[in-house]
Amino acid sequence: MADANGLVEAMKKAALDAVKAGKPVNLCFGKVTRVSPLEINVEQKMTLGEGQLVLARHVTDYETEVTVEWETEEKGGGSGETSYSSHSHKVSGKKRMVMLNSLAVGETVLLARKQGGQKYVVLDRIGGAL
């Protein structure tokens, strides 16, 4: 029976060693310490530079197309030559917009270490202090 227990323990250790060696995806937190070039300090242990980071689109500035539809309220005003009648404006259709979502110094982010540990994907920013 002792040999069986030893075999089971050896198998557990081998499985654990294999997982550690493969460095599967691991989640961690980081803090943005610089934006140009981008640097993120991971759990106060190491600093990652742009070459090690892959950014999800929603943590960058990007341009997108949206559909809009609204109408301003009726309004008139002014006096003399600059007076204007009550009127409204209608806005509708597809419009291009720039989403200003780039990371800022001091923000906390959630990262996923890619298998092998060479690259980190910045998944999202985290609100509040950790």
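Everything numeric in this text was worked out from a predicted model, so none of it was measured. These values consider heavy atoms only, across backbone and side chains, with no hydrogens, waters or symmetry-generated copies. In what follows, residues are counted from 1 in the order of the sequence shown.
Between the side chains of Glu39 and Thr47, no donor N or O sits under 3.5 Å from an acceptor N or O.
Contacts of Glu65 classified as side chain to side chain donor-acceptor pair (under 3.5 Å), with partners at least two apart in sequence or in another chain: none. Looking at residues two or more places apart in sequence or on another chain, you find no side-chain contact (heavy atoms from CB on, under 4.5 Å) involving Ser83.
The shortest side-chain heavy-atom distance between Leu103 and Arg125 falls under the 4.5 Å cut-off. Contact check for Val32 versus Val109: side-chain heavy atoms found under the 4.5 Å cut-off. For the pair Leu111 and Phe29, the minimum side-chain heavy-atom distance is 4.5 Å or more. Between Val121 and Lys114, the closest side-chain pair of non-hydrogen atoms falls below 4.5 Å.
When the side chains of ILVMFWY residues are joined at heavy-atom separations under 4.5 Å, either directly or via intervening members, Leu55 and Val98 end up in two distinct hydrophobic clusters.
Side-chain atoms of Lys119 come within 3.5 Å of backbone N or O of Gly51 as a donor-acceptor pair.
For the pair Cys28 and Val42, the tightest heavy-atom approach, listed with the atom from each and the gap, is SG-CG1, 3.8 Å.
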Please step through side chain to side chain contact (heavy atoms under 4.5 Å, CB included) for the pair Leu53 and Ile40, ending with a clear verdict.
CA-CA 9 Å; Leu53 298 168; Ile40 296 176; 4.0 Å; yes
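Tested against Met99, the residues Thr60, Thr64, Val66 include a single side-chain contact (heavy atoms from CB on, under 4.5 Å) partner, Thr64.
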